[in-house]
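Encoded as structure tokens, the structure appears first; notes follow it.
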Amino acid sequence: MKVSVFAVDVGYGNTKSAFRMGSDIATQMFPSVTPIAVSEAVSSYGQGVLHARKVLPIEVDGATYEIGPGVELSSAYGNAGRTLSEDFCLTSNYAALLGGSLQFAGVTEVDRMVLGLPVHTINKYSAHLRDAFTGTLNFGHGDIRVHSVKVVPQPLGSLVSFSEYGGSRFDRENAHLVIDVGYFTTDWVVAHGFTMNDRRSGGAPGGASQVYKSIASLIAKSEKEPVDDIERIDKCLREKKPLLFYGKDVDLIPYLEQSQAIINATVKEMQNRVGRTADLRSIVLTGGGAALYEASIRAAFPRVQLDVLDAPCYANAKGFLIVGEATLARERKPVGVAA
Ligand SMILES: Nc1ncnc2c1ncn2[C@@H]1O[C@H](COP(=O)(O)OP(=O)(O)OP(=O)(O)O)[C@@H](O)[C@H]1O
Ligand SMILES: [Mg+2]
């Protein structure tokens, strides 16, 4: 299938993508986990009895990874193999997640692929992403032709989504503060219209996973057993369920309350960097970890309106799609025709 724009937000936690299908926007998400594929998967013997897992083999640099919504999250020892380093976008794991997005969508040709990077690494890595993913790609399922790649700061995607879907709440004459709470990083941007104020924008490694890690170590202390299964803590918190731990249903809320200091520290750092907030029309809260941070942000900025985005996981990818379409349209406009 050929698409005009394909937008991918490869995050440390989840890989999200968006593209146009007729008048609808198709979105997909899977965990950013890249185990090496096992050739004779035991799960295939259960076919017809058990559902086959929804994964695809994706080849990068001679290695084959299993990618997709059905990927195994908890390996035997709790480490699911997420890459949590700043140079994530240089790794084969990143390429495999990107390849998985294209392959699951069935894309074979793209005019413009839009990718995002965290605010504090965009200058360092955007040229690499453009070079690595423009041209003919192959992940073991046939050629995929990508004619151009555009790289944007991740929170800008949410700002564009907000301007498109936020009704009259987006104020292009004044500034908004966009806060994107991800799995590993919390990024923020102060933007006037779509122009970012670099001095007031930044990022900190204070995402949802740090909170889960703190909860895990608090449980470990009180249960006197090692706890490293942060994936299950994440899922139980999201589904508002207790955590099953050796036959016991552990209520996570008290542990979450005890971990509040981690959230507050990140919010404090952001507050210092953003400075006075009298000029902000609103704070736009986005990213899959938005709910974890909401109370702390409200307390820190009591006089600023808070706009919490719907489906915050997808907001960046949907905004990237709009950025891709707008830039393509601008470039294709014949010279001499007024806007
Ligand atoms: N349906 C869902 N499936 C998986 N995770 C979800 C879902 N809804 C919300 N989340 C939450 O999203 C969080 C991750 O957020 P998000 O996907 O925005 O991070 P990311 O963009 O991958 O990370 P980063 O921005 O640090 O690179 C997880 O901690 C999880 O709790
Ligand atoms: Mg993110």
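Just so you know, ligand 1 is whichever comes first in the structure, and atom 1 is the first atom listed for that ligand.
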**Request:** Over 60° means perpendicular and under 30° means parallel, so classify the ring planes of Phe104 and Phe30, tilted if in between.
**Result:**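 Judged by the thresholds at 30° and 60°, the geometry between Phe30 and Phe104 is tilted.
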[atom]: the protein heavy-atom neighbour that sits closest, reported with distance to 0.1 Å:
atom	answer
atom 1 (N) of ligand 1	Met29 CE, 3.4 Å
atom 27 (O) of ligand 1	Tyr12 N, 2.7 Å
atom 29 (O) of ligand 1	Tyr212 OH, 3.0 Å
atom 8 (N) of ligand 1	Arg238 CD, 3.5 Å
atom 28 (C) of ligand 1	Asp234 OD2, 3.5 Å
atom 12 (O) of ligand 1	Gly288 CA, 3.2 Å

Regarding ligand 1, does [X] bring an N or O atom to under 3.5 Å of one of the ligand's N or O atoms?
X	result
Phe184	yes
Gly13	yes
Gly182	no
Tyr183	yes
Asp9	no

**Prompt:** Less than 4.0 Å between a side-chain N and a carboxylate O, is that true for Lys2 and Asp111?
**Reply:**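 Lys2 and Asp111: salt-bridged.
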Any atom of ligand 1 sitting under 4.0 Å from a heavy atom of [X]?
X	answer
Lys16	yes
Phe88	no
Gly207	no

**Request:** Could you check if a side-chain atom of Tyr65 sits within less than 4.5 angstrom of a side-chain atom of Ile36, using non-hydrogen atoms only?
**Result:**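 Of all side-chain heavy-atom pairs linking Ile36 with Tyr65, at least one is under 4.5 Å.
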**Asked** Do Asp307 and Ser282 meet the criterion of a side-chain donor-acceptor pair at a distance under 3.5 Å?
**Response**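 Indeed, the side chains of Asp307 and Ser282 share at least one donor-acceptor pair under 3.5 Å.
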**Message:** Under a 3.5 Å cutoff, is there a donor and acceptor pairing between the side chains of Ser209 and Tyr12?
**Reply:**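 Distance-only check fails for Ser209 and Tyr12.
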**Step-by-step side chain to side chain contact (heavy atoms under 4.5 Å, CB included) determination, Thr136 to Asn138** = CA-CA 7 Å; Thr136 302; Asn138 194 310; 5.9 Å; no
**Message:** Apply side chain to side chain contact (heavy atoms under 4.5 Å, CB included) to residues Thr286 and Phe162 and explain how you reach the verdict.
**Reply:** CA-CA 10 Å; Thr286 182; Phe162 180 65; over 6 Å; no
Other residues, nucleotides and ligands only: do more than 12 of their heavy atoms fall within 6.0 Å of [atom1] on [X]?
X	atom1	result
Asn272	CG	yes
Arg200	CZ	yes
Met21	CE	no

**Asked** Where on Asn14 is there a heavy atom closer than 4.0 Å to ligand 1, on the side chain, on the backbone, on both, or on neither?
**Response**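 For Asn14, backbone and side-chain atoms both sit under 4.0 Å from ligand 1.
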**Request:** Grab the two heavy atoms, one from Pro57 and one from Thr64, that are nearest each other, plus how far apart they are.
**Result:**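 That would be CB-CG2, 3.7 Å.
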**Asked** Quick one: which ligand 1 atoms are inside 4.0 Å of a heavy atom on Gly287?
**Response**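 Checking each atom against Gly287, I get 18 (O).
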**Item:** Under 4.0 Å to a heavy atom of Ala208 - the qualifying atoms of ligand 1, by number
**Value:**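 Taking each heavy atom of Ala208 in turn, ligand 1 has 29 (O) under 4.0 Å.
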